[in-house]
Amino acid sequence: MAPTKSYLIPIGDLSLDARVSIRQNAEEVLVNAARDLAIRSNDRDLIIRDTLPNTDLGLAAQEDWLIAGAGVVATELQYISAVLAVDRCIVFYGLGVETAAASISRLRMTLGAGSALIRGVYQLEQLYSRLEPAGYFSEAVLFTRQETCRIMVMPRLAFAANTERLHLLARTIEPIGAIVSAPSA
């Protein structure tokens, strides 16, 4: 078995087909997890949708993807800490930044409140130096039902509360009707 790879790929290094492939792979990871966990007995009873930062991850409803202020540089700051619902899985496959002058240097994704199990660590400064607006993870990062998804950021500059955004590219799988009704035929 090949070793796991965990790194950030700037969007400029990926073709459109490669980006589509990464997203499709993320969705396959979700479907396989939902099957393994028997969230529903039939795949047709499930829906894959964009992850909603306030509904799925507990971020403030009026301020999707905003980060609390950072008064201290080089000290990790909790961005997200959410326990997933019993019938929901989330996969992260990349991130977007709004500006080349963003104040976050690193993102760390861990399982559990104690952060002992690291799922991925990504250095964002390579995006800023290349003026890239987004990066994709080399491998999808999955969190399944009732797991605590904890995401930490490392500020490289101090910033005021609710002035920095870090948009995580993520998809959620859940039973139809939990958030999104069944699609029409």
Side-chain angles (χ1 to χ4, degrees), residues 4-14 19 22-23 25-26 29-30 49-85 88-172:
T4 297
K5 301 176 217 94
S6 178
Y7 56 89
L8 188 64
I9 307 166
I11 194 169
D13 289 354
L14 295 168
R19 294 189 308 249
I22 288 171
R23 187 172 174 142
N25 177 65
V29 167
L30 276 178
R49 61 171 174 78
D50 286 335
T51 298
L52 304 171
N54 56 339
T55 304
D56 299 321
L57 301 172
L59 294 177
Q62 73 279 10
E63 301 292 349
D64 289 353
W65 302 116
L66 277 175
I67 301 172
V72 179
V73 174
T75 300
E76 274 193 326
L77 175 68
Q78 182 170 288
Y79 181 32
I80 293 168
S81 182
V83 178
L84 299 185
R88 183 174 293 151
C89 299
I90 296 175
V91 67
F92 297 91
Y93 61 93
L95 57 87
V97 295
E98 288 190 356
T99 174
S103 301
I104 303 301
S105 65
R106 183 179 71 205
L107 174 97
R108 187 166 62 99
M109 306 176 97
T110 64
L111 172 64
S115 300
L117 301 170
I118 297 172
R119 294 269 170 98
V121 178
Y122 307 97
Q123 194 65 33
L124 279 60
E125 292 193 24
Q126 66 176 313
L127 300 179
Y128 311 145
S129 64
R130 294 173 51 160
L131 303 177
E132 297 278 6
Y136 286 79
F137 302 153
S138 57
E139 291 188 354
V141 179
L142 175 70
F143 290 91
T144 62
R145 65 178 178 195
Q146 296 187 303
E147 288 185 336
T148 299
C149 169
R150 188 163 185 235
I151 301 176
M152 307 293 289
V153 293
M154 177 74 74
R156 65 186 186 123
L157 303 169
F159 58 90
N162 300 327
T163 60
E164 293 287 330
R165 291 181 193 274
L166 183 62
H167 177 188
L168 298 173
L169 304 177
R171 304 285 282 157
T172 297

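In this chain, numbering begins with 1 at the start of the sequence shown.
The shortest side-chain heavy-atom distance between Leu166 and Leu66 does not fall under the 4.5 Å cut-off. For the pair Glu76 and Arg108, the minimum side-chain heavy-atom distance is below 4.5 Å. Two residues are said to be in side-chain contact when any heavy atoms from C-beta on lie closer than 4.5 Å; Ile22 and Leu14 meet this criterion. Proximity of Pro155 to Val73: side-chain heavy atoms (C-beta onward) are nowhere separated by under 4.5 Å. When side chains are defined from C-beta on, Arg165 does not count as touching Ile67, because their heavy atoms never get closer than 4.5 Å.
For Ser81 (side chain) and Arg150 (main-chain N/O), no donor-acceptor pair under 3.5 Å exists by modelled atom type. The backbone N or O of Ser105 lies less than 3.5 Å from a partner atom in the side chain of Gln123, making a donor-acceptor pair. The backbone N or O of Ala82 lies less than 3.5 Å from no partner atom in the side chain of Thr148, so there is not a single donor-acceptor pair. With hydrogens and angles disregarded, a donor-acceptor distance shorter than 3.5 Å links the side chain of Glu132 to the backbone of Gly12.
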Evaluation steps, side-chain contact (heavy atoms from CB on, under 4.5 Å), between Leu8 and Tyr136: CA-CA 6 Å; Leu8 188 64; Tyr136 286 79; 5.9 Å; no
Check against side-chain contact (heavy atoms from CB on, under 4.5 Å), Arg156 and Glu125: CA-CA 9 Å; Arg156 65 186 186 123; Glu125 292 193 24; 3.3 Å; yes
Step-by-step side-chain contact (heavy atoms from CB on, under 4.5 Å) determination, Arg19 to Ile11: CA-CA 8 Å; Arg19 294 189 308 249; Ile11 194 169; 3.5 Å; yes
Derivation and outcome, side-chain contact (heavy atoms from CB on, under 4.5 Å), residues Met152 and Arg106: CA-CA 8 Å; Met152 307 293 289; Arg106 183 179 71 205; over 6 Å; no
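Of all the heavy atoms in Ser6 and Val121, the pair that sits closest is OG-N, 3.9 Å. Taking all atoms of both residues into account, the shortest heavy-atom contact from Pro10 to Gln126 is CG-OE1, 3.6 Å. Contact between Arg171 and Asp50 at its shortest, heavy atoms only, is NH1-OD1, 2.7 Å. Scanning all heavy atoms of the two residues, the minimum distance from Val97 to Tyr128 falls at CG1-CE2, 3.9 Å.
In summary, of the residues considered (Tyr122, Tyr7, Tyr93), a ring pair (Phe, Tyr, Trp, His ring centres under 6.0 Å) with Phe137 occurs for Tyr122 alone.
In this structure Ile151 satisfies the side-chain contact (heavy atoms from CB on, under 4.5 Å) test together with Tyr79, Ile80, Phe92, Leu107, Met109, Cys149, Leu168, sequence neighbours excluded. By the side-chain contact (heavy atoms from CB on, under 4.5 Å) test, Thr51 is found to be paired with Asp56, Leu57, Ile90, Ala170, Thr172, residues two or more places apart in sequence or in another chain being considered.
For Glu139 and Arg119, the salt-bridge test fails: no basic side-chain N is under 4.0 Å from an acidic carboxylate O.
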